[in-house]
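Step one of this worksheet: look at the structure below.
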Amino acid sequence: MKITAAKFRGSCRDYESCPDSWLPEFAFVGRSNVGKSSLINLLVNQRDLAKTSSVPGKTKLINFFEVNGMWCLVDLPGYGYAKVSRNQQAEFNIHVSAYLTRRENLKHVFLLIDSRLEPLDSDLAFAHWLDQCSVPFSVVFTKIDKRSKDTVENHSELFLKVMRENGIENTKEFSCSAKTKHGRGPLLEFINSRLPKKSKNTTRVSLNWMNKR
Ligand code: GTP
Ligand code: MG
């Protein structure tokens, strides 16, 4: 799929302030610093559309990026960042979980997992929660440029094995590197496959920001 346009449409603090929209949305979740914002930049082929940082906890709001005028990528705050206060983390969790479980035009969630690390309880718990809530999701192993192919494969296989042992089956998986651009094609193809088929009568419905703010 060719990306012809991608632009920032706005940020919201919580689910309630998200704009009404019929545009299909694809959201990115995972631990702080796992590479969510970097992956969005990779997909849209822009350096700095989503703000990234080497310091965990950069993304604090629900951020919408409209692509090709037809669908949206949604960058979410991360979990598991030790320096965020418990109250702040709890607030993030409430807002993110409300968005993930209640947003009607949310088509698919990508759960990002750091391929450098052995499976972490927090990631497995998040996968379990998504599954329990029947939120359709795939797993994306990130930063694969940072470790050997064998390590990445071992960690990925282990994560998928534990997921299966917990009854989470048939989850599609991807791997990516924002540095080498590995994984961009398959992820875009997957998103394309989840978009409604074009009809001649399709009228473009854009985010209704004005009514919400
Ligand atoms: P929060 O917004 O804090 O939750 O983090 P995030 O998940 O959005 O991570 P972000 O994209 O900001 O990336 C965190 C750091 O990892 C940055 O320094 C990125 O440059 C780096 N990074 C992200 N993806 C990759 C990757 O594929 N390879 C390498 N080498 N570095 C990466
Ligand atoms: Mg981020």
Side-chain angles (χ1 to χ4, degrees), residues 6-14 18 25-67 72-100 108-117 119-120 122-127 129-130 137-156 159 173-188 190:
K7 58 185 172 188
F8 173 65
R9 288 308 306 257
S11 300
C12 300
R13 188 177 161 271
D14 51 27
C18 291
E25 288 174 1
F26 299 86
F28 295 77
V29 287
R31 287 190 326 123
S32 291
N33 207 243
V34 69
K36 301 175 292 294
S37 305
S38 302
L39 179 54
I40 287 176
N41 289 335
L42 170 68
L43 293 176
V44 300
N45 207 15
Q46 290 189 31
R47 276 180 84 84
D48 208 20
L49 185 64
K51 300 297 166 221
T52 67
S53 168
S54 56
V55 181
K58 175 72 178 171
T59 307
K60 294 191 172 67
L61 300 168
I62 302 173
N63 296 295
F64 294 85
F65 302 94
E66 189 182 295
V67 185
C72 274
L73 295 172
V74 183
D75 195 9
L76 296 169
Y79 53 83
Y81 172 42
K83 283 197 181 159
V84 168
S85 74
R86 275 189 178 209
N87 280 352
Q88 254 180 319
Q89 185 67 59
E91 234 182 75
F92 281 0
N93 291 349
I94 289 166
H95 298 327
V96 169
S97 57
Y99 169 81
L100 291 173
H108 199 81
V109 173
F110 295 101
L111 172 61
L112 275 61
I113 305 293
D114 192 329
S115 69
R116 296 173 300 175
L117 309 174
L120 295 170
S122 55
D123 289 335
L124 289 162
F126 206 91
W129 178 80
L130 287 171
F137 75 101
S138 302
V139 175
V140 185
F141 297 100
T142 64
K143 305 192 183 185
I144 64 160
D145 57 282
K146 287 213 170 194
R147 282 288 184 272
S148 73
K149 196 164 174 276
D150 281 354
T151 310
V152 168
E153 277 173 12
N154 285 345
H155 290 166
S156 312
F159 191 88
E173 89 247 18
F174 299 90
S175 59
C176 73
S177 163
K179 202 171 169 189
T180 66
K181 303 196 173 183
H182 172 98
R184 182 173 186 265
L187 277 161
L188 286 178
F190 178 81

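Indexing begins at 1, ligand by ligand and atom by atom, following the structure's order.
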> Is the shortest N/O to N/O distance between V55 and ligand 1 below 3.5 Å?
Replying inline: no

>> Which heavy atom of F137 sits nearest to which heavy atom of A127, and what is that distance?
In response: CZ-O, 3.7 Å

>> Using the Mg ion (ligand 2) as the vertex, how large is the angle between OG1 of T59 and OG of S37, rounded to 10 degrees?
In response: 90°

> In terms of the angle between their ring planes, are F65 and F8 parallel, tilted or perpendicular, with boundaries placed at 30° and 60°?
Replying inline: tilted

> Do H108 and F190 touch side chain to side chain, with heavy atoms closer than 4.5 Å?
Replying inline: yes

> Can you tell me if S53 has an N, O or S atom under 2.8 Å away from the Mg ion (ligand 2)?
Replying inline: no

>> For G35 versus K143, what's the shortest heavy-atom pair and its separation?
In response: N-CE, 4.4 Å

> Considering only heavy atoms, does P56 approach ligand 1 within less than 4.0 Å through its side chain, its backbone, both, or neither?
Replying inline: backbone

>> If I apply the N/O under 3.5 Å rule, does K51 come out as touching ligand 1?
In response: no

>> Which option wins on minimum heavy-atom distance to atom 2 (O) of ligand 1: T52, T180, T59?
In response: T59

>> Between R184 and L43 (side chain of the first, backbone of the second, donor and acceptor by atom type, cut-off under 3.5 Å), is there such a pair?
In response: yes

>> To check you understand the geometry: which heavy-atom pair defines the closest contact between D75 and K36, and what is its length?
In response: OD1-CB, 3.7 Å

> Between F141 and V139, which heavy-atom pair has the shortest distance, and what is it?
Replying inline: CZ-CG1, 3.6 Å

> Is G30 near ligand 1, meaning one of its heavy atoms is under 4.0 Å from it?
Replying inline: no

> Do ligand 1 and G57 have nitrogen or oxygen atoms that lie under 3.5 Å from each other?
Replying inline: yes

> Heavy-atom contacts under 4.0 Å between S53 and ligand 1: side chain, backbone, both, or neither?
Replying inline: backbone

>> I need the contact type for D145 against ligand 1. Using non-hydrogen atoms and a strict under-4.0 Å cut-off, is it side chain, backbone, both or neither?
In response: side chain

> Against heavy atoms of S37, which atoms of ligand 1 measure under 4.0 Å?
Replying inline: 8 (O), 11 (O)

> Going by the atom numbers of ligand 1, which of them fall below 4.0 Å from some non-hydrogen atom of A178?
Replying inline: 24 (N), 25 (C), 26 (C), 27 (O)

> Under 2.8 Å from the Mg ion (ligand 2), is there an N/O/S atom belonging to S38?
Replying inline: no

>> Assess, by modelled atom type and distance only, whether the side chains of T142 and D114 contain a donor and an acceptor separated by less than 3.5 Å.
In response: no

> G78 heavy atoms, cut-off 4.0 Å: which ligand 1 atoms fall inside?
Replying inline: 4 (O)

